Amino acid sequence: MGPSRVAAVSAEALPKTYDPAGTEARWQRLWEEAGAFHPDPEAPGEPFSVVIPPPNVTGSLHMGHAFNTALIDTIVRFQRLRGRNVLCLPGTDHASIAVQTILEKRIQAEGGSRDDLGRDAFLERAWAWKAESGGTIVGQLRRLGYSVDWGRERFTLDAQLNKAVVEAFVRLHEQGLIHRGEYLVNWCPASGSAVSDLEVEMKEMEGHLWHFRYPLTGVAGAAGIDHLVVATTRPETLLGDTGVAVHPGDERYAALVGRTLTLPLVGREIPIVADEHVDPAFGTGCVKVTPAHDPNDFAIGSRHGLPLITVMARDGTMNEAAGRFAGLDRFEARRAVVAAMEAEGFLVKVEPHRHSVPISDRGKVPVEPLLSTQWFVKTEPLAARCREALDAAAAGPEPRFVPERWSKVYRDWLTGIRDWCISRQLWWGHRIPAWFVVSETGGVITDATPYVVARDEAEAKAKAEAQFGAASEAAGRALQLEQDPDVLDTWFSSGLWPFSTLGWPEEGSADLATWYPTSVLVTGFDIIFFWVARMTMMAGALMTGREGSGIPWIPFRDVYIHGLVRDENNRKMSKSAGNGIDPLLLIERYGADALRFALVREVAGAGQDIRLDYDRGSDTSATVEATRNFANKLWNATRFALMNLGGETPASLGEPHPAALQLPDRWILSRLARVNRETAERYGSYGLGEAAKGLYEFAWNEVCDWYVELIKRRLQVPAELEGAAREAALADQRTARQVLAKVLSELLVLLHPLMPHLSEELWHGLTTEPEGTFLALQLWPVVDKAALDDELEASFAELIEAIRVVRNLRAVAGLKPSQGAPVVFVSGRTDLAAVLREATADIASLTRADSVQVLDPAASAARGGERCLAGVSGELQVLLPLEGLVDLEALRGRLAKDLAKAEQEIAGLAGRLANPNFAGKAPPEVVAECRANLAEAEAQAVLARRRLADLG
């Protein structure tokens, strides 16, 4: 280490106060400019990879993003420090429905429609919007200090990812896992598209249950039955009824099965069928069957061959099959049908009814089950492969869920799974790679039009020519193809994310060979079904045949499931509730590191929700402010070190000699080694909240509050010392400097995953490394096992408590801070007495003691009736002799007042608890608080009496 390097180490290396905004912006720029997080697949180190959950390109940073980012970045920064070859790959999702909705609203505001504009012009505007506004969320993620490789940033509509989507569709179709057919789907009238089951949210809503009379056709049945009563929450759908079902074991209607009813308002005869699905105990035991508008009815209709009559158009209005109600909005039709049924004598009664209504997650309107020809993925064969992976791995289930309880949720969802509708009637998205041979059906696409699936139009033409060319030529018509206008569900491309982003399906992709399977997926529990399961299913179909340990096709070894960030009232944050907390406001006020650390520190266990306090009047958070104060504490401690290291760095100071270590040095080095080991274990096992809490306690309480205070006297060598005494003091000063530099430099490495900007800044100030050398790329410090000393740590903890007792006794006595006083410790334990004797100089320094004596009980008894204040800490008695130091009568008076106050509180609290009206009727938490206050008052009274007795 050269002289110029040493001279540069001073307090001036760091400003007096910490400026998070400037510090964070500078290191984000320097990391990115240097390509610090742009890994080489050929670099040494065990590969470790994470592909971040891609936020919607339409989004802005919310607290859920901030929480997820803090967790992921803590994990990957730690793995980087462990010497792994880490790839953290970012990207955004094209969010088909959300973007299309934004653009259509803009076009409508201009007086047009997407059809007026045309597909090509619409997509041109969509890409222009993406270029203008789509980077908002990326810029906001950068502000958090995300150590991702921005050079590998992906967008789910990128050309490379589109190629992967097309290839996946073609391969799945070739495997017989994609098919096209007419099925009942969830239809969103607002977005004009099918949506999957997972894009539907069930909401409890107040509604009505209408009971209608359906007359029996012809003569009355047994027991004079001439009608059946059915009930529905959607009267408009009765226009499409094609049957009424009863349970086969229901004797009330057994004789009517096979008869017909005349459908009111329509006049259509519909059969009475017997089906096990019907609950005979619910309502009248009769269920109207509308196969084209209800999934359960669809199943009943399929079993009994009932016709499917669609009475609703895709825009939510009634179609021609609805007769006189055609053209009405579905909710207008509901009112009109009820009125007509009542007018014609078919309405029996109306009841209030709270029920679950399926709401489109994107369109925010009730979905309609509609018959539609769509593309589907056969999910059961894929799910079966995933279930096998949970059972077959020798080293345990793959993927491994943290916490483990989510594995059962994942497995349950993979059981009894329905086919996945993947087509969407939108323009923004991956266009389905299927071409219809419209020349076979008069130039238009119909449900009967044949099609070919291909990677591009040229391949489609070749396939169509091979299949239909001869027939077309014989019929004298030219072969004509038209690509399917629909796009794929956004989750289809997201399902390929772990491998499409790494270069699949390109042969020889170095990224794919190095970093697939990825190491861990960090995500919220709410998208286990949306995303996690679909990624494993897609990988099971497309990534088999790979070589490697475990199950090599599985897309991630671990799945770390985190909870929600709840607001100050412990409520789930949502746009509808208006209770979101803007992370950018907290970053502006406290810094990104403060927010990151606060969020992670709040995690009590993997998968648990966290609560973030927030004052909406001032846009402040006591939790994040406390972390900002922690940052200031670290800043000031490092500045203190820079002022007292004599212009040297940790490297130039070197390691301290074991024989030169004082008691506080040995203690803090043992604590450092233990915290190092514990923190690495916690980071590595996803105990991130525990790691943050442990580092906070170690840094604030043990390093700053105790060790720094203990060595202050050693860092200042009195000028009057000469000769051997001066040499000894200088040697001890150097030892203290060495230990302080070592502890701080290693602590900053341990803290780096949680507070990357602050630790990077302080590390550079302490080490004077050039800006191109980053703490983020250093190696995790080796645990000094020789420094670990369990007994010393336990004894030193007792020493700290003893010093606290002395300070408390001085406060009770009313001694001034500068006023000296003797201290006496009494203990029968030889090990504790030895620690106290070795630390007498430290005790005297921290307690302003004129003298420090350590006595055994017998020696203490021989001292006689000296007037002292006494305190106890475990097996140690602490005495503060007061003769000649304070006015004993005045002290007795203060203690008597304290006793009287405590006794008054005891009487009041005991009286409240003895009152049956209070103890039996007050909220349990209020009663518990009262009991706790009583116990505290009783303890204070006992203490005051003892101290009065000690004073005589």
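Please read all numbers here as calculations on a predicted model, not as lab measurements.
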Handout entry: Where at least one partner belongs to residues 750-761, residue pairs that pass salt bridge (charged side-chain N to carboxylate O under 4.0 Å, His left out), sequence neighbours excluded
Key =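 Sorted pair list: R26-E761.
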Just checking, is any N or O donor in the side chain of [X] or [Y] under 3.5 Å from an acceptor N or O on the other one?
| X | Y | answer |
| --- | --- | --- |
| N644 | Q733 | no |
| D789 | S670 | no |
| Y614 | D619 | yes |

Handout entry: Heavy-atom pair of closest approach, residues A594 and R628
Key =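 That would be CB-N, 3.9 Å.
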Contact between [X] and [Y] at the side-chain level, heavy atoms closer than 4.5 Å - yes or no?
| X | Y | value |
| --- | --- | --- |
| D850 | V823 | no |
| L751 | L634 | yes |
| W706 | L846 | yes |

Quick check: does any side chain N or O of [X] sit under 3.5 Å from a backbone N or O of [Y], one acting as donor and the other as acceptor?
| X | Y | result |
| --- | --- | --- |
| Q819 | K816 | yes |
| D856 | G828 | no |
| Y686 | G605 | no |
| D613 | T623 | yes |

Handout entry: Note: R714-D665 ion pair, threshold 4.0 Å (strictly below)
Key = yes
Problem - Carboxylate-amine/guanidinium contact E838 R666, below 4.0 Å - result: yes
Exercise for the section: Return the set of residues passing side-chain hydrogen bond (donor to acceptor under 3.5 Å, both in side chains) with K633 (not counting sequence neighbours), or none when no residue passes. Expected result: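 K633 satisfies side-chain hydrogen bond (donor to acceptor under 3.5 Å, both in side chains) with D705 only.
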Listed pairs under 3.5 Å, donor-acceptor, residues 794-801 side chains, sequence neighbours left out:
unit_1, atom_1, unit_2, atom_2, d
S795, OG, E791, O, 3.1
E798, OE1, R829, NH1, 3.4
E798, OE1, R829, NH2, 3.0
E798, OE2, R829, NH1, 2.7
E801, OE2, R804, NH1, 2.4

Exercise for the section: Sort out for me which residue in D73, I610, L595, L71 forms a side-chain contact (heavy atoms from CB on, under 4.5 Å) with V600. Expected result: L71
Practice task
Indicate the ring-plane relationship of Y696 and F597, choosing parallel, tilted or perpendicular according to the 30° and 60° boundaries.
Solution key: tilted
Practice task
Look at the rings of H65 and H62 and say which category their plane angle falls in: under 30° parallel, 30 to 60° tilted, over 60° perpendicular.
Solution key: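 Parallel: the ring planes of H65 and H62 meet at under 30°.
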Practice task
Could you tell me whether R912 sits above the aromatic face of F918, with NZ or CZ closer than 6.0 angstrom to the six-membered ring centre and within 45 degrees of the axis?
Solution key: yes
Practice task
Applying side-chain contact (heavy atoms from CB on, under 4.5 Å), run through L672 and E746 and close with a yes or a no.
Solution key: CA-CA 8 Å; L672 176 66; E746 290 194 13; 3.4 Å; yes
